[in-house]
**Student:** 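Sharing a structure with you now.
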Amino acid sequence: MVPLSWYLALSAVLFTIGVVGVIVQRNVIVLFMCIELMLNAVNLTLVAFSRFLGNATGQLFVFIVMAVAAAEAAVGLAIIISLFRNRETLNVDEADLLKL
Amino acid sequence: MEIIHLLFLAFAALAVVAAFNVILQRNPIYSAIGLIVVLCSLAALFLTLNAQFIAAIQIIVYAGAIMVLFVFVIMLLNVREEEARTDRQKYLKLLAVPLFVALLAEVVVVIRYVNATPPAIPNPNTVSDPATSLGTVESLARGMFTDYVLPFEATSVLILMAIVGAMYLARRESPAEVERIEQALAADSAAETGADGSPHA
C-alpha cells in the first residue's frame with residue numbers, strides 16, 4: 001500500500017501549482033482552470049484520508065465538491081462570455097473594476 | 001517496492017508535469033489539454049485508493065462534462081495567442097516563486113510526521129453486503145441518502161441556482177444589442193470581401 005504521506009505530498013504539490021497559476025496567469029480562462037486544479041488537489045486529499053480512515057464520508061464530500069465545481073464552471077464561464085462580449089478581452093488586468 | 005508504488009509514481013509524475021503545463025502554456029487550449037491529463041491521472045490514483053465510483057465520476061463529470069464546457073468556451077471566444085503580458089503585475093511573478101517554495105516547505109515539514117496504516121477493506125465482490133466495503137456505489141449511496149441527505153438536497157438547489165444564473169448572465173442584453181452585434185459582423189464580412197477584391201464587395 002502506498003503511504004498516506006505520498007498522496008498528501010502530491011496533493012500539496014498540485015494545490016501549490018494551482019495557486020502559482022492563479023498568481024502568474026492573466027488569462028481568465030486559465031485562472032479558472034487553476035481553480036479546478038486546486039479543487040482536484042483537495043479531492044485527492046479527501047479520498048486518501050477516506051481510505052486511510054476506512055470511512056466513506058470523505059468520498060461523499062468529493063461527490064459534493066464535484067457538483068459545486070460543475071455549478072461553478074457553468075456560472076463562471078457565463079461570466080467570462082459576458083465579460084468578453086462587453087470588453088473584448090480575457091485579460092483580468094483589464095477588468096479590475098466591479099462594473100462592466 | 002511493489003507495482004502499486006510504481007503506478008503511483010508514474011501517475012503522480014504525469015499529473016505534476018501536466019499541471020505545470022496548465023500554468024505555463026500561453027494558448028488556453030493547451031492548458032485545457034494539460035488539465036484533462038491531470039484529471040485522468042487523478043482518476044487512476046483514486047482507483048489505487050479503493051474509490052472506484054469516484055474515479056468513474058471523475059472521468060465522466062470532470063473530464064467529460066466540465067472540460068468540454070471549457071473547450072467549448074475557448075473555441076466560442078476564438079482567443080488569439082496571448083499578447084505580450086502587461087508589466088503592471090510583474091511583482092506578482094517575483095512573489096510567486098518564494099511563495100511556491102515556502103508553501104511546499106511547510107507542507108513537507110508537516111507531512112514528514114504523517115504515519116498511518118490503512119484498515120483492511122473487505123473485497124466488494126465476495127462480501128455479503130457491498131455497502132460495508134469502501135468505495136462501492138452501495139456504500140456511497142447509503143451515506144448520501146441517510147446521514148448526508150441534507151447536503152445532497154442543498155447541492156441540488158445550488159445546481160438549480162447555477163442553471164438560472166448562467167442563463168441570465170449569458171443571454172443577449174436587448175434587441176438593440178443584437179442589432180449592434182449583427183451590424184458589426186456585417187461590417188467585418190464586408191471588410192473581408194473588400195480586402196479579397198471579390199465582386200461581392
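Every chain is numbered from 1, with letters handed out A, B, ... down the list of sequences.
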**Student:** Counting only non-hydrogen atoms closer than 4.5 Å, does Leu10(A) touch chain B with its backbone (N, CA, C, O), its side chain (CB onward), both, or neither?
**Tutor:** side chain
**Student:** Go through the atoms of Ala65(B) and report whether side chain, backbone, both or neither lie under 4.5 Å from a heavy atom of chain A.
**Tutor:** neither
**Student:** For the interface with chain B, which of Ile80(A), Leu77(A), Asn40(A), Val20(A) has the highest count of heavy-atom pairs at distances below 4.5 Å?
**Tutor:** Asn40(A)
**Student:** With a 4.5 Å cut-off on heavy-atom pairs, point out which of Ile54(B), Ile57(B), Ile163(B), Leu39(B) contacts chain A the most.
**Tutor:** Ile54(B)
**Student:** Check whether Phe8(B) gets within reach of chain A through its side chain, its backbone, both or neither, counting any heavy atom under 4.5 Å.
**Tutor:** side chain
**Student:** Would you sort out whether Phe49(A) and Tyr7(A) count as a ring-ring contact (aromatic ring centres under 6.0 Å, His included), showing the intermediate values?
**Tutor:** CA-CA 9 Å; Phe49(A) 273 121; Tyr7(A) 289 104; over 10 Å; no
**Student:** What option among Ala154(B), Gly135(B), Ser139(B) has the most heavy-atom pairs under 4.5 Å with chain A?
**Tutor:** Gly135(B)
**Student:** Checking heavy atoms, do the side chain of Ile17(A), its backbone, both or neither come under 4.5 Å from chain B?
**Tutor:** both
**Student:** Sub-3.5 Å donor-acceptor pair from the side chain of Gln25(A) to the main-chain atoms of Ile23(B), do we have one?
**Tutor:** yes
**Student:** Among Leu45(B), Val22(B), Asn50(B), who wins on heavy-atom pairs under 4.5 Å with chain A?
**Tutor:** Asn50(B)
**Student:** What part of Phe72(B) is in contact with chain A, defined as an atom under 4.5 angstrom from a non-hydrogen atom: side chain, backbone, both or neither?
**Tutor:** neither
**Student:** Is there a side-chain contact between Arg51(A) and Met1(A) in this structure, where contact means two heavy atoms from C-beta onward sitting under 4.5 Å apart?
**Tutor:** yes
**Student:** By a 4.5 Å heavy-atom criterion (distance strictly below it), what part of Leu9(B) contacts chain A: side chain, backbone, both, or neither?
**Tutor:** side chain
**Student:** Checking Val30(A) against chain B: side chain, backbone, both or neither under 4.5 Å from a heavy atom?
**Tutor:** side chain
**Student:** Under 4.5 Å heavy-atom distance to chain B, tell me which part of Leu31(A) shows up: side chain, backbone, both or neither.
**Tutor:** neither
**Student:** At a heavy-atom separation under 4.5 Å, does Asn55(A) approach chain B through its side chain, its backbone, both, or neither?
**Tutor:** backbone
**Student:** Go through Ser50(A), Pro3(A), Gly18(A) and name the one with the most non-hydrogen pairs under 4.5 angstrom from chain B.
**Tutor:** Ser50(A)
**Student:** Using a 4.5 angstrom heavy-atom cutoff, name the option from Thr136(B), Asp147(B), Val16(B) with the most pairs to chain A.
**Tutor:** Val16(B)
**Student:** What I'd like to find out is whether the side chain of Leu47(B) reaches to under 4.5 Å of the side chain of Phe11(B), using heavy atoms alone.
**Tutor:** no
**Student:** Is there any side chain to side chain donor-acceptor pair (under 3.5 Å) pair reaching into residues 149-163 of chain B, and which pairs are they, with sequence neighbours excluded?
**Tutor:** none
**Student:** What residue in Leu4(A), Asn43(A), Val47(A), Val68(A) has the most heavy-atom pairs under 4.5 Å with chain B?
**Tutor:** Val47(A)
**Student:** When you measure from the side chain of Asn86(A) to the backbone N and O of Ser82(A), does any donor-acceptor pair fall under 3.5 Å?
**Tutor:** yes
**Student:** Check whether any side-chain heavy atom of Glu72(A) lies under 4.5 Å from a side-chain heavy atom of Leu39(A), and answer yes or no.
**Tutor:** yes
**Student:** Are side-chain heavy atoms of Phe46(B) and Gln59(A) found at a separation under 4.5 Å?
**Tutor:** no
**Student:** Roughly how far, to the nearest 0.5 Å, is the CZ atom of Phe32(A) from the CG atom of Leu37(A)?
**Tutor:** 14.0 Å
**Student:** Do the non-hydrogen side-chain atoms of Ser11(A) and Val42(A) ever get within less than 4.5 Å of each other?
**Tutor:** no
**Student:** At a 4.5 Å cut-off on heavy atoms, which part of Ile4(B) comes close to chain A: side chain, backbone, both, or neither?
**Tutor:** both
**Student:** What are the two closest heavy atoms between Leu158(B) and Ala71(A), and how far apart are they?
**Tutor:** CD2-CB, 4.2 Å
**Student:** Between Leu69(B), Thr117(B), Ile159(B), which residue shows the highest count of heavy-atom pairs closer than 4.5 Å to chain A?
**Tutor:** Leu69(B)
**Student:** So for Gln58(B), is it side chain, backbone, both, or neither that comes closer than 4.5 Å to the heavy atoms of chain A?
**Tutor:** both
**Student:** Might you work through the side-chain contact (heavy atoms from CB on, under 4.5 Å) test for Tyr62(B) and Leu35(B), ending with a clear yes or no?
**Tutor:** CA-CA 10 Å; Tyr62(B) 254 120; Leu35(B) 191 55; over 6 Å; no
**Student:** Are more than 12 heavy atoms from other residues, nucleotides or ligands located less than 6.0 Å from atom CD1 of Ile3(B)?
**Tutor:** no
**Student:** Is it the backbone or the side chain of Ile66(B) that comes under 4.5 Å from a heavy atom of chain A, or both, or neither?
**Tutor:** side chain
**Student:** Let's test your reading of the structure: which of Phe53(B), Phe152(B), Phe70(B) forms the most heavy-atom pairs below 4.5 Å with chain A?
**Tutor:** Phe70(B)
